[in-house]
Colleague: 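Sharing a structure here in structure tokens format.
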Amino acid sequence: MKAQPSLAVNFDAIEAAQVRLARTIARTPLVRSATLSRSGAPVYLKLETRQYSGSFKLRGAANAVLSLADHGAPVRGFVTASTGNHGRALAYAAKPQGKPAIICMSRLVLANKVAGAKTLGADVRIVGMSQDDAQAEVIRLVREEGWTEVPPFDNAAVIAGQGTIGLEIVEHLPDVALVLVPLSGGGLASGVAAAVKGRRPNARIVGVSMERGAAMYASLMANRPVQVEERETLADSLGGGIGLDNRYTFGMCRALLDEVILLNEEEIAAGIRHAFRMENEIVEGAGAVGIAAILAGKVNADRPTAIIVSGRNIDDVLHRRLVTADPHRGAA
Ligand SMILES: *Cc1c(COP(=O)(O)O)cnc(C)c1O
């Protein structure tokens, strides 16, 4: 393997995470999609919908929690600001360690995600109208009360944990040539790209975001981290900024992503519908963007392709409305 000395999180850290996480996470299925493999090349879905806690976020959160335990660091409990899935994952990861988890969320977070985190035993605190407000409360808890922050994406252990998805993809599909990755703060994309390109330097890694408030896309265009307006979107797990003081994911996404694609709301809805009708998977908006990008014709899956289907935590009423909305039921 060629070394990647310039990367903040290297291949070795991702392999170490894979060993550390072996008994904590599910090795999720990589299944071939007949309906998406249209151009003759096989298209596979990496089903993180089947991951414990309902999304891939468990990999990064558990790697961070277990790394601290490995190093014997004294920990009172864990705290994070999260749009939902990271909070759920952190609560899930903290529990077996006998540690409490506080999740600070903004008012924009959907009720099902608040309930989900509470079900997993987290202490949920609703603060302000944006991720930034929630983050300010996290900083206060760390400084004044001694809690340990596990950030949702801009953290080396979190990125390495997410990267284990890339290792699993290459192990199952050695000739993978294209990977579609949902993109928000970029922890998932950074880790997966470092892992896949560590093994397959010529593989193409494409990030997929929504048109409404794509912070990493805007930052890559500006060539520095920038803020974007937070807007409601079906891909709510892709909302929020990348942090103006971003340390890891901006640089890694700039170095490793070959392209970023943006999708409108109708395209994302079509991805959720397709996942349900054709693949029998309940997928949240953020998890469906890779499928949606192919359906919308915005990416050409003309080579062995893996789509990361990143999570399943969607409000059931919203999901039912979306999958029953289209009269052309079953049409791909
Ligand atoms: C967090 C999340 C993403 C995006 O991950 P980043 O590391 O923030 O880019 C994608 N899909 C789902 C379901 C998520 O919860």
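If you read the sequence from its start, that first residue is 1, and numbering goes on from there. This structure is a prediction, so every number in the text was calculated from the model and none was measured. Just so you know, ligand 1 is whichever comes first in the structure, and atom 1 is the first atom listed for that ligand.
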Colleague: Out of all atoms in ligand 1, which are within 4.0 Å of some heavy atom of N85? Include the element for each.
Modeller: 13 (C), 14 (C), 15 (O)

Colleague: Just wondering, are more than 12 heavy atoms of other shown residues or ligands nearer than 6.0 Å to CD in E171?
Modeller: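 For E171, atom CD is crowded (more than 12 foreign heavy atoms under 6.0 Å).
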
Colleague: Check each heavy atom of Q162 against ligand 1 and say whether those closer than 4.0 Å belong to the side chain, the backbone, both or neither.
Modeller: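 None of Q162 does.
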
Colleague: Could you verify whether a donor N or O on one side chain and an acceptor N or O on the other, from T28 and E48, lie under 3.5 Å apart?
Modeller: yes

Colleague: Which ligand 1 atoms does G187 reach within 4.0 Å, using its non-hydrogen atoms?
Modeller: 6 (P), 7 (O), 9 (O)

Colleague: At less than 4.0 angstrom from any non-hydrogen atom of E284, what atoms of ligand 1 do you find?
Modeller: 13 (C)

Colleague: Under 4.0 Å from ligand 1, counting heavy atoms only, is it the side chain of L188, its backbone, both or neither?
Modeller: both

Colleague: Should you measure from each heavy atom of G311, which atoms of ligand 1 turn up under 4.0 Å away?
Modeller: 13 (C)

Colleague: Report, as yes or no, whether the 6.0 Å neighbourhood of atom CZ on R76 holds more than 12 heavy atoms from other residues, nucleotides or ligands.
Modeller: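 Buried by this count: over 12 neighbours within 6.0 Å.
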
Colleague: Ring centroid separation for Y44 and H172, is it under 6.0 angstrom?
Modeller: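 Between Y44 and H172, the centre distance exceeds or equals 6.0 Å.
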
Colleague: Backbone N or O of G311 within a donor-acceptor pair of the T49 side chain at under 3.5 Å?
Modeller: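 No: the side chain of T49 does not pair with the backbone of G311.
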
Colleague: Check each heavy atom of L238 against ligand 1 and say whether those closer than 4.0 Å belong to the side chain, the backbone, both or neither.
Modeller: side chain

Colleague: S184 versus ligand 1: do any nitrogen or oxygen atoms come within less than 3.5 Å of each other?
Modeller: yes

Colleague: If you count the atoms of ligand 1 from 1 in the order shown, which ones are under 4.0 Å from a heavy atom of P182?
Modeller: 10 (C)

Colleague: Checking side-chain polar atoms at under 3.5 Å, does E230 have a donor or acceptor matched by the opposite partner on S130?
Modeller: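 No - no donor-acceptor pair under 3.5 Å links their side chains.
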
Colleague: Between Y92 and Y52, what is the ring plane arrangement, given parallel below 30°, perpendicular above 60°, and tilted in between?
Modeller: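 Judged by the thresholds at 30° and 60°, the geometry between Y92 and Y52 is parallel.
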
Colleague: Does ligand 1 have an atom that lies less than 4.0 angstrom from a heavy atom of G186?
Modeller: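 In this structure, G186 qualifies as a contact of ligand 1 - some heavy atom is under 4.0 Å.
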
Colleague: Got an N/O contact under 3.5 Å between G185 and ligand 1?
Modeller: yes

Colleague: Rounded at 0.5 Å granularity, tell me how far CG in L30 sits from CD1 in I165.
Modeller: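 Answer for the CG-CD1 pair, L30 versus I165, is 11.5 Å.
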
Colleague: Show me which atoms of ligand 1 lie under 4.0 Å from any heavy atom of F56.
Modeller: 1 (C), 2 (C), 3 (C), 5 (O), 10 (C), 11 (N), 12 (C), 14 (C)

Colleague: In terms of side-chain heavy atoms, does S190 have a donor or acceptor partner in Q162 at a distance below 3.5 Å?
Modeller: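 No, Q162 and S190 have no side-chain donor paired with an acceptor closer than 3.5 Å.
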
Colleague: Please report whether ligand 1 has a polar contact with K57, defined as an N or O pair separated by less than 3.5 Å (distance criterion only).
Modeller: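 In this structure, K57 places an N or O atom under 3.5 Å from an N or O of ligand 1.
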
Colleague: Show the atoms of ligand 1 that are less than 4.0 angstrom away from any heavy atom in S237.
Modeller: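 The atoms of ligand 1 under 4.0 Å from a heavy atom of S237 are 1 (C), 2 (C), 12 (C), 14 (C), 15 (O).
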
Colleague: Considering residues, nucleotides and ligands other than K118, do more than 12 of their heavy atoms fall under 6.0 Å from its NZ?
Modeller: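 No, the 6.0 Å shell around NZ holds no more than 12 heavy atoms from other groups.
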
Colleague: Can you confirm, on distance only, whether ligand 1 has an N/O atom lying under 3.5 Å from any N/O atom belonging to P152?
Modeller: no

